[in-house]
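Indexing begins at 1, ligand by ligand and atom by atom, following the structure's order. Since this is a predicted model, take the numbers as computed values, not measurements.
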Amino acid sequence: MHFLPDEIDQYAVNHSQKEPELLQALNTETWQTVLNPRMLSGTYQGRLLSIISKLINPKNILEIGTYTGYSALCMCEGMKSTGSLHTIDKNEELFDLQRKYFDLSPWGAQMHQHVGNAIDILPTIDEKFDLVFIDADKANYSNYFDLIIDKMNPGGVILSDNVLWSGKVVQEIDPKDIDTKELVIYNKKVNEDDRVETILLPIRDGLTITRVK
Ligand SMILES: C[S@@+](CC[C@H](N)C(=O)[O-])C[C@H]1O[C@@H](n2cnc3c(N)ncnc32)[C@H](O)[C@@H]1O
C-alpha cells in the first residue's frame, strides 16, 4: 500500500537511484514465476534498504523473511567485504531461486540461507548483528525482537517492514485479526523499550528504523 498521492510517489521514485540489472532480473522472474510477488520489497524500498546498509556498513546482517532474496541482495550492497548475511525463510521451495541470484551476485559465498520457522532457527545462529531486517509473519514481530535484541551490536539497526499494515494499525481492530493486533503491540514495544530508539517512517507500508543504544 502507498500512503502518498500517486504523483508524489512517482516523483520520489523518479528522483531515486535506478534498480541494478541483477535485481531487475530477479524482480521480473519473481513476478513471472513465484506466488504472491507483491511480497517482494520492490525497486524503491530496495534502494532504501541499500542506502541504509551503505550508511551503516554492517559486518553481519540478519534477515527474517527471505522470499526470493531481493531485499537480502539490496542489504549486501552495503556489507563489509569480510561480512556475512544470514537469511531465514520457512518456504523451502524458494531456496533454489534465492541461491541462483545470490551466486550471480558478488556476495554469494557470504550469503547463508536457513530454511524453517524463524522462531526455531534464530537461537541457532551464533553471531552478533549490525543490521537486521524483520519482514516475515507479522504476528511474531515482538517475538523476533525479543530473540534478536541480545544478538545486536551497540549502534546496530533493526528495520521492520509493513508496520502500518495498510493503515489497519489506526483502525478499529477485528478481534480475529491477530496480525494487526500484534503489530500494534510491536510498534508500541519498540518505541518504549529503553534499550533502543525508534522512528517509524510512513514509507510504502510503513518501515521502522530501530537503533540499539
Ligand atoms: C514479505 S515476504 C519477504 C520479502 C523479502 N524480505 C523481500 O523484501 O523481498 C515474507 C516471507 O516470510 C516468510 N515467512 C513467513 N513466516 C515465517 C516464519 N515463521 N519463519 C520463517 N519465514 C517465514 C514467507 O515464507 C515469505 O517468503
**OP:** Please confirm whether G116 comes under 4.0 Å of ligand 1, counting heavy atoms of the residue only.
**Re:** yes
**OP:** With heavy atoms of D135 as the reference, note each atom of ligand 1 found under 4.0 Å away.
**Re:** 1 (C), 2 (S), 3 (C), 4 (C), 5 (C), 6 (N), 7 (C), 8 (O), 10 (C), 11 (C), 12 (O)
Subject >> Residues D146, K189: salt bridge by 4.0 Å N-O rule >> reply: yes
Original post:
Looking at ligand 1, does any of its N/O atoms fall within less than 3.5 Å of an N/O of N91?
Top reply: no
Original post:
Does Q45 reach ligand 1, in the sense of a heavy atom lying below 4.0 Å from it?
Top reply: no
Original post:
Quick one: does N117 get a heavy atom under 4.0 Å from ligand 1?
Top reply: yes
**OP:** For atom 20 (N) of ligand 1, state which one of A118, A136, G65 supplies the nearest heavy atom.
**Re:** A118
Subject >> Residue selection (non-hydrogen contact nearest atom 9 (O) of ligand 1) among G69, G46, S41 >> reply: S41
Original post:
If you count the atoms of ligand 1 from 1 in the order shown, which ones are under 4.0 Å from a heavy atom of Y67?
Top reply: 2 (S), 3 (C), 4 (C), 5 (C), 27 (O)
Original post:
Just how far is it from atom NZ of K151 to atom CD1 of I125, taken to the nearest 0.5 Å?
Top reply: 7.0 Å
Original post:
Between the side chains of E19 and Q24, does any donor sit under 3.5 Å from an acceptor?
Top reply: no
Original post:
What residue and atom, counting heavy atoms only, is the protein's closest point to atom 27 (O) of ligand 1, and at what distance?
Top reply: D89 OD2, 2.6 Å
Original post:
Hey, are R204 and D9 close enough for a salt bridge, meaning a charged N less than 4.0 Å from a carboxylate O?
Top reply: yes
Subject >> Closest protein heavy atom (residue, atom, distance) for atom 7 (C) of ligand 1 >> reply: S71 OG, 3.0 Å
Original post:
Counting heavy atoms not belonging to N14, are there more than 12 under 6.0 Å from its CG?
Top reply: yes
Original post:
So between R38, K90, H114, whose heavy atom ends up nearest atom 22 (N) of ligand 1?
Top reply: K90
Original post:
Do we see a donor-acceptor contact under 3.5 Å between the side chains of Y141 and D179?
Top reply: no
Original post:
Out of curiosity, is T66 lining ligand 1, as in a heavy atom under 4.0 Å away?
Top reply: yes
